[in-house]
K.L.:
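Okay, handing you the structure first.
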Amino acid sequence: MAIELAPHNIQVNAIAPGWIETDMTAPVRAMPMNDENSCADSPPVDGANRKELAGTAVYLASRASDFVTGTTIRVDGGLCDPMTFRT
């Protein structure tokens, strides 16, 4: 999409949030983590609140991101970084 819309001066980006503390995620967050599926080598991070995504959204909506397109910005506190997954 970013390539197709670039001639129209439209940037296409995404925000990929990590665990956000909401009523919907509370039951899952209360479960013990399965070592096989956990990110044990990731930094200890609690879930974020929705306000912590706001800065990224404001950045992408601002002129400061005029040269940013075709990217996904992870906002997850470093939790479950692909480089830290156990194999």
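Note that the structure is a prediction, hence the values are computed from the model and not measured. Every heavy atom of this structure was used, including side-chain atoms; hydrogens, water molecules and symmetry mates were not.
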K.L.:
Please, which pairs that meet side-chain hydrogen bond (donor to acceptor under 3.5 Å, both in side chains) have at least one residue in residues 4-16, sequence neighbours excluded?
P.N.:
none
K.L.:
State which residues pass side chain to side chain contact (heavy atoms under 4.5 Å, CB included) with Ala2; sequence neighbours excluded, sorted by chain then number.
P.N.:
Val12, Thr69
K.L.:
Restricting to non-hydrogen atoms, name the atom on Ile15 and the atom on Pro17 that form the minimum distance, rounded to 0.1 Å.
P.N.:
O-CD, 3.3 Å
K.L.:
Consider only side-chain heavy atoms of I, L, V, M, F, W and Y, link residues closer than 4.5 Å, and tell whether Leu60 and Val58 are in one cluster.
P.N.:
no
K.L.:
Which atom names give the shortest non-hydrogen contact between Ala16 and Thr72, and what distance separates them?
P.N.:
CB-CG2, 3.6 Å
K.L.:
Can you tell me how far apart CD1 (Ile73) and CG (Leu53) are? Round to the nearest 0.5 Å.
P.N.:
11.0 Å
K.L.:
For Tyr59 versus Ser65, what's the shortest heavy-atom pair and its separation?
P.N.:
O-OG, 3.1 Å
